[in-house]
Each structure stands twice: as structure tokens, then as C-alpha cells.
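Comments concern the structure below.
Counting starts at 1 for both ligands and their atoms, in listed order. Heavy atoms only: backbone and side chains are in, while hydrogens, waters and symmetry mates are out.
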Amino acid sequence: MEYVCTKCGARVDVATMQPACSCGGLFELDFEPPVWKDSRIHRETWSQFRYRDFMALDGNTWERVSMGEGLTPIIPFDENVLFKMDYMMPTLSFKDRGAATLVAHMVAIGVKKCVQDSSGNAGNSVAAYCAKAGIECEIFVPEGTSPKKIDMIRAHGAKCHVVEGSRDHCADVCRSKVREEGAYYANHVYNPFFYEGMKCYIYETFEQLHRIPSNIVIPLGNGTLFIGAVKALEHLEKSGVICHFPNIIAYQSELCDPIYQAVKEGLEVPAKVKAQPTLAEGIAIGEPMRGAEILDMIRRHNIKVVTSPEDRIMEARLAIARRGIYCEHTTAANYAAYLKYCELYGPTPDTLITMCGAGLKSDH
Ligand SMILES: Cc1ncc(COP(=O)(O)O)c(C=O)c1O
Ligand SMILES: [Zn+2]
């Protein structure tokens, strides 16, 4: 299997230890999944790897790292909203979908040691799956990251560095380590295998409901779920099993909104913004590396981008908790963004919202 550079088109074997093309462009996988058929779901596999026929995987290494990720319930929240309970995963966040798939690839190509930067959840997932796979791991998180996420990373045996400054600066510090020391960059934004796992969010929804809801709310930080979901929906549409692309409602924090501003200004790359601290730590990304790719998808599918009001996040978290679900702040921002969308565009029934991080992770 090969990567293709999104900038210069160079082809590189996926066994490469380089995080990106020598021209600086990010990789994507040269992989076209076969036409979707329900009969190709491996129903005896109780994890997202039941969709393995539609995922780019190198061999069966997923069997060695899988901890039953995926297969999360979809439950009604009210008459308009369904929640997909994606924090019901081994490390209590949706990033396990991508991390399991990425670490399976790392096992396949013989990685022994890796580094990663994260707002906490992706780092947690990579640390846990590396622990399972016996890969040494070092995680960089920005200051202010929820202490419970840091505790979890360390519990898995990974080194965790807390870097002063913004989330974007933390990524820069980690990337200079990758450049200087040649460490393997187990990163959810750079590595295309991560998205192969995120695609399963949609495959699973389709298997569970036998349809795709009319509206899907997706957070947009670096856009790993966003990109994975769009890819999977394009696959289902191309396979002829869905005839309408759903209305995707992507949201950013109103305090860090480079994609929202780019859409407003008609830009093809993320707008330059000054990221301010937000309760929604998971989406505090001022410079999304795949921003141009995301904006292209937004134009292609007429995707709506809204901002989540900071002063409504705690209110939303409480409203959700009062109905029995305790989610993290960034996840409450999903619901706050949905309510904002309803204010702007009117009642929006048949909406799927992801509950992607557990509440106990952001209690501090
Ligand atoms: C709880 C939560 N929600 C949303 C996101 C945003 O995901 P992405 O950066 O892939 O868009 C994150 C990222 O870490 C997160 O932890
Ligand atoms: Zn290139």
C-alpha cells in the first residue's frame, strides 16, 4: 500500500517512518474501499474491525491491539436528537477508533517508539494502545490540559510533557522532536491510518439504524472525525446505499474558529486567528494542518459551520447531565452548537450528535 502526497503527488510506501512528504505535504492513502455491502460486515467481530473490508489495514495486526473499540450505542436524547455514545470506549473517548487503527499499522511496520501531541484525548488513546502493543510512547500536551487526562497517559506508562503555551505551540514542540530525533510521529492529524478508524463512526451508525440521520453534528478542531465521517459518507453514497448526503453541522469554538472564519471570508485555507483559551480544550486548534482539505469538503457538500457559544457550554453540560449523561466540556459544546444552529436555521429534527468524551476526564 502507498501514501500519496497531497501537495506534490509523490508516492511513498506506507512502511515509511517519515511523518510527511519531503516537500512538506501531508500524506493520504491510495486506497479505494470496495462497494459497501452489508454482507461484508464481519458480524462475529465485536469491535469496529467488523468493517475491516472497507478499511485500509496492513494485515491482521489489529487483532493484537484491539480492545473492543467502537460498537457504541445510539440513544434518543429528546424528540429531535440522537446521541451516539462514543465515549463508551476503552479510554473514554472517540479517539480510540483512530488510535487502534494507527497503532495496528505501527505494529505492522515495526515501530518501537513514538511521539504524539494532543489536547489530551488522542494522546490518551495512543498511549493506551501503545501500552497494549508494547511500543514506547511520549506524549506532549499543552498547559491547562485536564489533569485526569495527564494521569491516564502516565498510567499507561507513557512519558507526558506538559508544554507551556497554546495547543498549536505544543504541536510545534513535538514536531521539532520528530525532525531532530527522527522519532515516529503517531499523530492523529498527520497519519492517514487514523482516519480509517474514524470512518467507522458512520459505518456503525448505518448498520445500527439501517439509514443515516438527516443531520449530523461534528466537532471541528483538527477534524479527524469530520474527515473520517465525510470519507465514509462519500463511500456509502458512491456504493448507492444512501441517496442523500446528510446535512453536516460542523462546529468550532467561538474563541478559536479558523475554519468558520475562512468559510465566512470565502478562503481556501484556514483564516489566521488568535486562539483564546476555551473550555472546549479539544477543539482549541488555531492552525488545523488539514484545513484546506476540510474546506474543500465543506464546499463539496455544502456543510454548515457554526460556532459554539462559550457561555452556553456549562449550561449544555448540565442539561445533558440532568438526563443522565455526563460528558466532557468539549462534548457539551457539541450540544450548545446544535442549539445555536436551531436558533439560526429553525427546528432541526433527526439529528445525530456525538458524545465523544466522558465527563470525568474534564473535571478539575
Ligand atoms: C472531546 C473532544 N471533542 C472533539 C475533539 C476534536 O477532534 P478533532 O481535533 O479531531 O476535530 C477532540 C480532540 O481531541 C476531543 O478531545
Ligand atoms: Zn510532496
Please check if the number of heavy atoms outside E237 that lie under 6.0 Å from its CD is greater than 12.
yes
H235 and W36 aromatic ring geometry - parallel, tilted or perpendicular at 30°/60° bounds:
perpendicular
I need the protein N, O or S atoms closer than 2.8 Å to the Zn ion (ligand 2), given as residue plus atom name.
C5 SG, C8 SG, C21 SG, C23 SG
Just checking F77 against Y335, ring centres under 6.0 Å apart?
yes
With T91, the side chain to side chain donor-acceptor pair (under 3.5 Å) member among N121, N124, D96:
D96
E234/H301 under side-chain hydrogen bond (donor to acceptor under 3.5 Å, both in side chains): CA gap, chis, key distance, verdict:
CA-CA 10 Å; E234 286 178 345; H301 297 292; 2.6 Å; yes
Show your reasoning for whether salt bridge (Lys or Arg N to Asp or Glu O under 4.0 Å) applies to R167 and D117.
CA-CA 9 Å; R167 168 72 183 88; D117 53 82; 3.1 Å; yes
Honestly, is R64 close enough over W62, meaning NZ or CZ under 6.0 Å from the six-membered ring centre and within 45° of the axis?
no
S118 side chain to G123 main-chain N or O, any donor-acceptor pair under 3.5 Å?
yes
Mind jotting down which protein residues get a heavy-atom contact under 4.0 Å with ligand 1? Chain and number order, please.
F94, K95, S119, N121, P219, L220, G221, N222, G223, T224, G282, I283, E328, T330, T331, C356
If I compare all heavy atoms of P219 with all of L225, which pair ends up nearest, and what's the gap?
CD-CD2, 4.3 Å
